[in-house]
Amino acid sequence: MNLNKFLDVAPEVAAAVAAGKPVVALESTIISHGMPYPQNVETALKVEQIIRDNGAVPATIAILGGRLKAGLSAEEIEYLGKQGQKVTKASRRDLAVLVARKADGATTVTTTMMIAHMAGIQIFATGGIGGVHRGAETTMDISADLEELASTPVMVVCAGAKSILDLGLTLEYLETHGVPVIGYGTKELPAFYTRKSGFEVDYRMDSPEEIAAAFHVSRELGLKGGMLVTNPIPEEFAMDHDVINKAIDEAIAQANAQGIHGKATTPFLLAKVKELTGGDSLDSNIQLVFNNAKLAAQTAAKLCAMN
Ligand code: PSU
Ligand code: MN
């Protein structure tokens with residue numbers, strides 16, 4: 001464990017890591033920027049419970065008062081949920097400044113991976129990752145999440161990526177940077193709200209054990225970088241392709257018309273899609289996070305048995 005003086009690991013999390021017991025990290029941008037209050041807080045607390053029910057200890061990650069936190073209290077989760085978009089969305093470039101200023105930050109996939117790794121946590125569950133945006137050939141808008149997957153050895157369990165992104169270019173980028181993309185029970189990359197995207201993942205795996213074994217070997221080999229596990233949304237919660245794609249196209253058109261750019265792009269698109277689909281997308285979003293938490297906890301348990 002690479003503990004540093006800016007990191008606070010919750011006692012329960014530290015004890016589990018030290019004992020080689022399963023721990024699953026969770027991000028906080030999904031709480032502050034990904035969902036509205038109070039569903040964000042309800043979801044974050046339920047996700048922690050699902051991880052416990054599946055035999056692992058949850059560690060929600062954030063930056064509070066300049067401290068890097070691995071494991072939050074229910075009150076801290078409530079605080080982030082209520083603050084919402086007032087909290088700084090913290091990616092890699094924000095980390096040092098927020099710590100120096102003793103400020104708060106909601107961690108994205110990038111910073112959650114970084115802090116999880118510092119705390120000795122190997123697996124992280126979320127909804128969707130950032131990626132190569134549509135039009136990136138002119139905007140160069142590529143999420144720092146992809147660079148982090150390339151360099152930090154944490155497994156990220158997600159439901160694929162939303163087609164607010166260019167999914168084909170996102171896969172190309174991950175391939176270039178040596179990040180394996182696994183489909184859980186499928187050879188097709190899931191597209192967050194839908195089970196299908198028209199793009200193939202690198203490998204299909206059918207059990208938590210198989211996923212854990214591949215990650216275990218990656219660590220034993222000393223490879224840098226993580227692994228991306230894409231877990232399709234359960235059929236009963238999946239959205240209609242045409243409905244969701246129409247909303248996404250409209251959201252992107254509005255973002256372009258309003259000149260939205262930089263770190264505001266993803267939160268803007270997420271909020272617009274939610275508005276345009278009248279809340280149906282929020283229900284799907286919540287359910288797929290639950291589904292990912294369960295798979296991550298089960299995989300963490302298998303991984304611990306191998307370590
Ligand atoms: N995609 C989602 N939901 C999210 C995010 C992305 O479907 O909540 C959040 C995650 O925290 C992710 C971040 O790491 O947005 C990516 O932001 P950007 O595209 O600015 O890198
Ligand atoms: Mn971006």
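Numbering starts at 1 and runs along the sequence shown. Remember, it's 1-based here, ligands and their atoms both numbered in the order they're listed.
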Hey, which atoms in ligand 1 end up nearer than 4.0 Å to a heavy atom of K162?
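In order of number, 2 (C), 3 (N), 7 (O).
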
Looking at F192, which atoms of ligand 1 are within less than 4.0 Å of one of its heavy atoms?
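So the atoms of ligand 1 that pass are 7 (O).
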
Using a strict cut-off of less than 4.0 Å between a Lys/Arg side-chain nitrogen and an Asp/Glu carboxylate oxygen, indicate whether [X] and [Y] qualify as a salt bridge.
X: E78; Y: K82; value: yes
X: E235; Y: R195; value: yes
X: D166; Y: R134; value: no

H133 touching ligand 1 at heavy-atom level, < 4.0 angstrom
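The answer is yes, since H133 has a heavy atom less than 4.0 Å from ligand 1.
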
Pick from [options]: which one makes a side-chain contact (heavy atoms from CB on, under 4.5 Å) with [X]?
X: L171; options: V181, L228, T176; value: V181
X: I123; options: V23, I51, T299, L295; value: T299
X: M113; options: T111, V109, I115; value: V109

Nearest non-hydrogen contact with atom 5 (C) of ligand 1 belongs to which option: T107, L270, I30, T29?
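Closest candidate by heavy-atom distance is L270.
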
Can you check which of G128, G131, G262 brings a heavy atom nearest to atom 1 (N) of ligand 1?
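Among G128, G131, G262, the closest heavy atom to atom 1 (N) of ligand 1 comes from G128.
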
Side chain or backbone of [X] under 4.0 Å from ligand 1, or both, or neither, by non-hydrogen atoms?
X: T126; value: neither
X: D145; value: side chain
X: T266; value: side chain
X: K89; value: side chain

Is V109 in polar range of ligand 1, meaning some N or O pair under 3.5 Å apart?
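By distance alone, the answer is yes.
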
N/O of E27 under 3.5 Å from N/O of ligand 1, yes or no?
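N/O-N/O distance below 3.5 Å exists for this pair.
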
Decide whether [X] and [Y] meet the rule of one side-chain donor and one side-chain acceptor closer than 3.5 Å.
X: D283; Y: Q287; result: no
X: E147; Y: Y173; result: yes
X: T152; Y: E148; result: yes

Show the nearest heavy-atom pair for residues L165 and A161, with the distance to one decimal.
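In this case the closest contact between L165 and A161 is CD1-CB, 3.7 Å.
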
Could you tell me the residue and atom name of the protein heavy atom closest to atom 21 (O) of ligand 1, and the distance to it rounded to 0.1 Å?
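Answer, as residue, atom name and distance: S143 OG, 2.6 Å.
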
Just how far is it from atom NZ of K46 to atom CD1 of I286, taken to the nearest 0.5 Å?
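Atom-to-atom, K46:NZ and I286:CD1 are 9.5 Å apart.
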
Under 2.8 Å from the Mn ion (ligand 2), which protein N/O/S atoms are there?
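Metal shell, protein only: D141 OD1.
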
Counting only heavy atoms not in R101, do more than 12 sit closer than 6.0 Å to its CZ atom?
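It does not: R101 CZ has 12 such atoms or fewer within range.
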
